[in-house]
Participant: 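A single structure is presented below for examination.
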Amino acid sequence: MLAAGLLVAVALSALLLQDSRYFWYGDTPAAYFGWWYHLGDLVRHGHWSTIDPHAWKSGNFAAEGQWGLWSPLTIAIGVAATVVPNALVLTTVVKIALAVVGALGVFRLIRSYDAPPPVAFVAAVAVPMGGMTQYLDLPSWVAAETIWALLPWVWWALRRTMLLGANPLPVLLLGYLEVSVGYVFGTIMLVVVLVACLLDCLLARDRAAFLRVLVSGALLGLVAVTVYLPGVLTSSVTSRSTAYFTFGGKFTTEPLAVFASLLPTAALSEGTSHVEPYLYVVWLLPVVLWLDWRRARAGWRPLAGLLAVLVISLAVVDGPSQVGPLRWPVRMEPFLVEAVVVALAVCWSRFGLRRPSRRRLGWSLGWVAASGTLALVRAPSHWDAHLVGAFLVGGGLTAVWWLVREGQGNRAAACAAAVTLVALGVQHAFYPTLPSPQRHAPTSVASYREPLSAAVGDVMVVGEADLLLRSQPTFEGDLLLGSAWYLNPHPVQSTYTAINFDAYKQRYCTYYQGDTCPELLKTLFTRQPTTGEKRVDLLSVSTLVLVRSSFPSHTLLRPPQGWRVAATTPNTVLWVRRQPLPGAGAVAWSSPGTSVAQVDATTGGTSFRVTGVPATGGTVVLSLLAWPGYSTDVGTLADPVDGYLVTVRLPPGSRGTVVHVDFHPPGWHLELGAWALGLLAGAGWSLWSAVGRRRRSRNVSDPRLVA
């Protein structure tokens with residue numbers, strides 16, 4: 001187990017020799033690191049919150065999910081991000097550590113099926129080398145890597161509780177970590193594992209084990225309510241549609257492509273400028289042809305749950321491109337790799353032939369040849385990569401087959417691990433370009449504080465910043481993207497979101513990573529019909545960061561009346577109000593005859609005193625995005641002005657009252673109750689189990705039974 005962990009760590013560290021920023025691509029600097037930093041900074045200062053009004057479309061942390069508000073692991077990483085001065089170093093260490101955690105979890109899971117250590121060693125080394133893990137999760141999608149790394153540990157702990165009646169504390173703690181990451185695909189796979197274990201219990205007719213699994217799932221389900229219900233109840237205003245059920249498109253595949261997934265060069269298609277080996281699962285896949293199928297037919301029942309996970313994972317990866325808000329099934333390929341490798345290792349340990357025949361080897365090599373032919377048809381321009389991949393896999397299978405026939409099990413394991421690492425080298429030699437964009441984000445945390453030195457109040461970026469940053473070879477020190485703005489001392493609303501507020505998005509043409517179309521500048525200075533106010537005033541924005549490449553020079557240096565050019569840089573021009581506004585949460589407009597005095601604007605809401613209101617009542621508009629969950633203790637909430645601004649309808653006679661407009665995620669009391677019940681019930685069950693085990697051990701006279 002130790003050897004597997006060290007080998008994985010060394011192999012992934014070696015990737016830095018080719019690209020020192022291998023773990024710093026795509027959404028890692030644009031989304032996750034900023035989320036980590038901001039969450040860690042909030043926790044360090046005792047300001048844990050479910051919303052940030054100043055971030056607008058990106059500020060609903062509870063609905064976003066991936067912030068990991070309830071995750072001790074994410075919070076710990078976030079706190080570390082506020083302390084470690086180099087973002088790249090921290091991110092690299094975290095990602096390699098997660099990969100090692102995943103490998104070790106697979107080792108323990110396979111050992112729980114009584115497979116020998118050499119077999120578990122080979123599997124543990126192979127699992128982090130899957131195509132999607134190498135080319136998307138490790139460089140970019142760190143939340144996906146996290147849930148992938150934790151799942152085998154949860155599965156292992158669940159089997160301990162199921163089969164041995166062990167204390168449920170490990171499975172509840174590990175399951176809590178899995179769910180609280182907030183990346184829903186991990187919870188989906190956890191449900192699949194729970195169903196698989198229930199199937200094992202049914203086939204074994206073990207009612208007690210069935211009950212233990214069921215209770216474990218119920219307690220983790222309570223945590224899932226806390227983590228995901230805010231997003232579900234907020235979905236009506238977001239851009240995350242729940243109506244689609246489609247096939248084909250981005251990150252989809254078909255059965256033949258999965259058939260060829262034993263080649264480290266297996267690719268989706270040649271329809272893009274780069275061909276990435278997303279579909280690579282494991283080169284040892286043809287070993288399934290070396291099994292004794294008579295013994296397998298007779299002894300498959302204890303492995304029914306494992307095989308169910310394999311079948312379901314394959315169906316998901318090869319399934320619809322979108323089901324409601326869930327899309328891109330190939331993103332689940334790392335779980336398919338886990339399922340295939342674990343199933344292959346366990347089946348080999350139980351049903352593998354001691355001396356597989358030459359005919360079996362021939363079938364295996366025929367599979368390799370067919371896979372190479374298919375890969376060549378799908379991506380003919382990479383014929384050299386497919387040729388090398390096919391020869392590598394064919395040679396590796398032949399070497400392992402010979403060692404197995406000679407009874408050299410340990411040497412066969414060492415040979416298999418070596419070929420796995422060579423396959424990794426082949427992948428990155430032929431496919432050195434990662435698909436996620438390199439935006440050249442700074443690695444020094446201090447560098448994030450440099451931009452916007454002349455900014456005042458709330459800030460909004462206007463223009464195509466993403467395109468500009470991708471084209472620059474280095475960080476120029478004047479423009480950031482997405483959640484990187486959280487490391488800047490100024491409140492910037494152009495941050496990253498995976499959900500978006502649809503009305504706001506449509507009005508201001510904002511994209512997920514904080515980019516906007518250049519037409520936004522004109523839109524900001526149009527007047528909203530209901531209030532007659534400029535939209536930039538309703539947003540309470542006091543600084544506009546204009547991306548130079550998106551505008552002609554004469555526009556950049558001619559700000560509207562009431563604004564001035566505060567700073568110019570090679571990439572940006574800053575417009576700042578001559579009289580700054582208070583920022584998000586402020587009272588943006590009140591109807592004729594209605595007057596208010598600002599009392600307080602905090603993260604959780606806004607309070608104001610009504611100093612005047614007509615006999616028919618009045619209306620107050622706040623610079624707040626109208627997320628579901630806002631409420632007022634005086635009057636009612638009216639339809640949002642412009643489709644996205646919190647609007648309060650004041651009743652007659654409310655003069656002199658203080659109005660509190662507060663935010664709690666929709667279903668907040670249910671979510672808190674579910675979280676508390678899950679933790680308390682889990683702690684109680686774990687304590688009861690520990691006490692019961694201690695009592696039973698005292699009543700056992702044979703010390704060997706106690707051990």
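FYI, the numbering just counts along the sequence from 1. All of these numbers come straight from a predicted model, not from anything done at the bench.
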Participant: Are side-chain heavy atoms of P302 and D200 found at a separation under 4.5 Å?
Facilitator: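 No, every pair of side-chain atoms sits at 4.5 Å or beyond.
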Participant: Is there a donor-acceptor pair closer than 3.5 Å between any side-chain N or O of Q134 and the backbone N or O of P128?
Facilitator: yes
Participant: In Å, rounded to the nearest 0.5 Å, how long is the span from OG of S71 to CD1 of I77?
Facilitator: 7.5 Å
Participant: Counting C-beta onward and ignoring hydrogens, is there a side-chain heavy-atom pair between L424 and Q427 closer than 4.5 Å?
Facilitator: yes
Participant: Indicate whether the side chain of Y25 and that of D19 have a donor and an acceptor atom separated by less than 3.5 Å.
Facilitator: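 Side-chain D/A pair, Y25 to D19: present.
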Participant: Step by step, would you call L303 with R350 a side chain to side chain contact (heavy atoms under 4.5 Å, CB included)?
Facilitator: CA-CA 10 Å; L303 308 183; R350 296 193 179 199; 3.7 Å; yes
Participant: With salt bridge (charged side-chain N to carboxylate O under 4.0 Å, His left out) as the rule and sequence neighbours excluded, what pairs involving residues 365-376 come up?
Facilitator: none
Participant: Which heavy-atom pair separates I110 from A123 by the least distance, and what is that distance?
Facilitator: CD1-CB, 3.1 Å
Participant: Please test T187 against Y228 for side-chain hydrogen bond (donor to acceptor under 3.5 Å, both in side chains), starting from the C-alpha separation and ending with a verdict.
Facilitator: CA-CA 10 Å; T187 304; Y228 297 111; 2.8 Å; yes
Participant: Would you give the length of the straight line joining atom CG of D137 to atom CZ of F23, rounded to the nearest 0.5 angstrom?
Facilitator: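 Reported value, rounded in 0.5 Å steps: 12.0 Å.
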Participant: So, does S112 use its side chain to make a donor-acceptor pair with the main chain of L109 at under 3.5 Å?
Facilitator: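 Yes, because the side chain of S112 sits within donor-acceptor range (under 3.5 Å) of the backbone of L109.
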Participant: Is the shortest heavy-atom distance from the side chain of I147 to the side chain of M189 under 4.5 Å?
Facilitator: no
Participant: Short question: side chain of S140, backbone of D27 - any donor-acceptor pair under 3.5 Å?
Facilitator: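 Here the side-chain-to-backbone pair exists.
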Participant: Has the side chain of T373 got a donor or acceptor atom that lies under 3.5 Å from a matching backbone atom of A369?
Facilitator: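 A pair under 3.5 Å: yes.
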Participant: For a 4.5 angstrom cut-off between non-hydrogen side-chain atoms, does R358 reach W401?
Facilitator: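 Yes, at least one pair of side-chain atoms sits under 4.5 Å.
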Participant: Is a side-chain donor or acceptor of E64 paired with a backbone partner of A498 at a separation under 3.5 angstrom?
Facilitator: yes
Participant: Please check if the side chain of S313 supplies one atom and the backbone of L336 the other of a donor-acceptor pair under 3.5 Å.
Facilitator: no
Participant: How are the rings of Y512 and Y496 set relative to one another: parallel (under 30°), tilted (30 to 60°) or perpendicular (over 60°)?
Facilitator: perpendicular
Participant: What heavy-atom pair brings G352 and R295 nearest, and what distance separates the two atoms?
Facilitator: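 Heavy atoms only, the tightest pair is O-NH1, 3.5 Å.
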Participant: Are V317 and R331 packed together at the side-chain level, in the sense that at least one heavy-atom pair is separated by less than 4.5 angstrom?
Facilitator: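 Result no, sub-4.5 Å side-chain heavy-atom pair not found.
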Participant: Under 3.5 Å, is there a donor on one side chain and an acceptor on the other for T265 and Y280?
Facilitator: no
Participant: Run the side chain to side chain contact (heavy atoms under 4.5 Å, CB included) test on V337 and T133 for me, step by step, so that the C-alpha distance in whole Å, both residues' side-chain angles and the decisive distance to 0.1 Å come before the verdict.
Facilitator: CA-CA 9 Å; V337 173; T133 300; 5.8 Å; no
Participant: What are the two closest heavy atoms between F121 and A413, and how far apart are they?
Facilitator: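 Where F121 meets A413 most closely, the heavy atoms are CE2-O, 4.0 Å.
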Participant: W300 and F351: ring pair (Phe, Tyr, Trp, His ring centres under 6.0 Å), yes or no, with the steps?
Facilitator: CA-CA 10 Å; W300 68 271; F351 313 125; over 10 Å; no
Participant: Show the numbers, then the answer: is there a side-chain hydrogen bond (donor to acceptor under 3.5 Å, both in side chains) between Y113 and R159?
Facilitator: CA-CA 9 Å; Y113 283 94; R159 284 179 54 78; 3.3 Å; yes
Participant: So that I know where these two stand, are W141 and Y32 an aromatic pair - ring centroids less than 6.0 Å apart?
Facilitator: no
Participant: Can you list the residues that meet the side chain to side chain donor-acceptor pair (under 3.5 Å) rule with W148, with sequence neighbours excluded?
Facilitator: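 With neighbours one apart ignored, the set is E338.
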Participant: What do the steps show when you test V181 against L177 for side chain to side chain contact (heavy atoms under 4.5 Å, CB included), and what is the final call?
Facilitator: CA-CA 6 Å; V181 170; L177 292 179; 5.9 Å; no
Participant: Take a 6.0 Å sphere around CZ of R411 and say whether it holds more than 12 heavy atoms from other residues, nucleotides or ligands.
Facilitator: no
Participant: Do Y135 and H428 have their ring centres less than 6.0 Å from each other?
Facilitator: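 Under 6.0 Å, so yes.
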Participant: Check the side chains of S364 and W290 for a donor-acceptor pair under 3.5 angstrom, ignoring hydrogens and angles.
Facilitator: yes
Participant: Within this structure, what is the OG1-CG distance for the pair T161 and L172, rounded to the nearest 0.5 Å?
Facilitator: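 T161 OG1 to L172 CG: 7.0 Å, rounded to 0.5 Å.
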Participant: So, do V122 and F107 sit near enough that their side-chain heavy atoms are less than 4.5 Å apart?
Facilitator: no
Participant: Atom CG in L262, atom CG in L397: separation rounded to 0.5 Å?
Facilitator: 7.5 Å
Participant: Applying side chain to side chain contact (heavy atoms under 4.5 Å, CB included) to S239 and I499, what does each step give before you reach the verdict?
Facilitator: CA-CA 6 Å; S239 300; I499 58 174; over 6 Å; no
Participant: Less than 4.5 Å apart, any side-chain heavy atom of R111 and any of P117?
Facilitator: yes
Participant: Any donor and acceptor pair, going by atom type alone, linking the side chain of T91 with main-chain N or O of L88 inside 3.5 Å?
Facilitator: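 Here the side-chain-to-backbone pair does not exist.
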Participant: For the residue pair W24 and F33, is the inter-centroid distance of their aromatic rings smaller than 6.0 Å?
Facilitator: yes
Participant: Would you say the side chain of T74 lies within less than 4.5 Å of the side chain of S180, judging by non-hydrogen atoms?
Facilitator: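 The answer is no, as the side chains (C-beta and beyond) never meet within the 4.5 Å cut-off.
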Participant: Main chain of L353, side chain of D292: is a donor-acceptor contact present, judged purely on distance under 3.5 Å?
Facilitator: no
Participant: For the pair W283 (side chain) and A126 (backbone), establish whether a donor and an acceptor sit closer than 3.5 Å, ignoring hydrogens and angles.
Facilitator: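 Pair absent, no side-chain N/O of W283 close to backbone of A126.
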Participant: Quick check for you: to the nearest 0.5 Å, what is the distance between S471 atom OG and L469 atom CG?
Facilitator: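 S471 atom OG to L469 atom CG measures 7.5 Å (nearest 0.5 Å).
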Participant: Measuring from atom CG of L289 to atom CG of L291, what distance do you get when rounded to the nearest 0.5 angstrom?
Facilitator: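 Rounded to the nearest 0.5 Å, the CG-CG separation comes to 8.0 Å.
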Participant: Using only atom types and a distance under 3.5 Å, with no angle test, would you say the side chain of R405 pairs donor to acceptor with the backbone of P356?
Facilitator: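 At least one qualifying donor-acceptor pair exists.
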Participant: Under 6.0 Å between ring centres: does that hold for H386 and F430?
Facilitator: no
